[in-house]
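Written below as structure tokens is the structure these notes are about.
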Amino acid sequence: QFSWNIMLSILSQSGHLDRAEKFFTGMPRRDVASWTAMLVAYAKSNRIDRAKLLFDQMPERNTVSWNAMICAFARSGDFERALGLFRAMDLEGARPDRVTFVAILDACGQSLAMELGMWIHAELLAAGFQGEITISTALVEMYGRLGKIEDARRAFDRATGIGGAGGDAVLWAAMLAAYAINHSPSQAREFFENTPPRLRSSVSWTTMVTAYARAGDLHAARQLFDKIPRKN
RNA sequence: CUUAUUGAAUCG
């Protein structure tokens, strides 16, 4: 069973939707993973409608299947349906996990659904997902997009811990982006300078450079660009 | 840490 599923995911990841489809229908046995893999294959080819059809036809659904479908909607920009599915999970007794929450927080941020976002935030605290770094990053990103920079910062501070130097490069880049979106480049720059080099990535650099460029300060952009270490 | 789903910028 494992090997069939592996074969199926190889086919879909290499973009052979038609072959994946044939393989899927020809499989001697199909478990939840097989159905979900096929669903994702459709979604990646932008056949969201087909994906949803498969989702509805699945003999059983687990959290991963729900996540896959929610992510598919979110990726296609259909945040309404993504959020709708999230609500429907409860009714079918599927429990959201950290992947669900990250996807939903992202959808909230992109659709500027502040009310719901804050509600979700409370939900995940209650569910005990507080400490997950991907969750923290998603919170920072969402609040940043919503213009709630203080809330973004609060989530960030909790994630970086006592010394304030915890977390990873993704978290720090997300916080930087939150500043860059909501404040002047110099404000963002201050945060950038206070970022431990270990937690700076090429993403931090490009975020900072484009912040200057967007503000029209091409000189500062160029100057910073020239300071980027070779490896980045 | 390889059977399915998830976190950051730019450009393509």
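Order of the sequence lines sets the chain letters (A, B, ...), proteins ahead of strands, with each chain counted from 1.
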Between the side chains of [Y] and [X], is the shortest nitrogen-to-carboxylate-oxygen separation below 4.0 Å, so that they form an ion pair?
X      : Y      : value
A:R154 : A:D157 : no
A:R189 : A:E193 : yes
A:R145 : A:D106 : yes

Would you name the heavy atoms of [X] and [Y] that are closest together and state the gap between them?
X      : Y     : result
A:S34  : A:Q1  : OG-NE2, 3.6 Å
A:A103 : A:I70 : CB-CG2, 4.3 Å
A:A74  : A:F79 : O-CE2, 3.5 Å
A:F55  : A:R61 : O-NH1, 2.6 Å

Gap in Å between the two P atoms, one belonging to B:C1 and one to B:U5, rounded: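 Approximately 15 Å lies between the P atom of B:C1 and that of B:U5.
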
Distance flag, aromatic centroids of [Y] and [X], threshold under 6.0 Å:
X      : Y      : value
A:F192 : A:W205 : yes
A:F86  : A:W66  : no
A:F156 : A:Y179 : no

Considering only heavy atoms, which members of [range] lie under 4.0 Å from some atom of RNA chain B?
range                       : result
residues 74-93 of chain A   : none
residues 136-155 of chain A : A:T137, A:E141
residues 101-135 of chain A : A:V102, A:I133, A:T134
residues 222-232 of chain A : none
residues 170-191 of chain A : A:V170, A:A173

Spacing of A:T100 atom OG1 and A:D97 atom CG [to the nearest 0.5 Å]: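 Answer for the OG1-CG pair, A:T100 versus A:D97, is 4.0 Å.
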
Nearest-0.5 Å distance, CD1 of residue A:I120 to CG of residue A:L116: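 The distance works out to 4.5 Å.
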
How would you label the contact of [X] with the nucleic acid (heavy atoms, under 4.0 Å): base, sugar-phosphate, or nothing?
X      : value
A:A68  : sugar-phosphate
A:V40  : sugar-phosphate
A:N62  : base
A:R214 : sugar-phosphate
A:S201 : base

Do the non-hydrogen side-chain atoms of [X] and [Y] ever get within less than 4.5 Å of each other?
X      : Y      : value
A:Q130 : A:R158 : yes
A:F191 : A:R153 : yes
A:L105 : A:E141 : no
A:V32  : A:S65  : yes

Mutual orientation of the aromatic rings belonging to A:Y143 and A:H121 [parallel < 30°, tilted 30-60°, perpendicular > 60°]: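 Ring orientation, 0 to 90° scale: tilted.
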
Salt bridge (Lys or Arg N to Asp or Glu O under 4.0 Å) assessment of A:D18 paired with A:K22: CA-CA 6 Å; A:D18 44 346; A:K22 289 220 162 60; over 6 Å; no

Range on RNA chain B touched by chain A - first to last nucleotide, heavy-atom distance under 4.0 Å: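 Listing 5' to 3', RNA chain B meets chain A from B:U3 to B:U10.
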
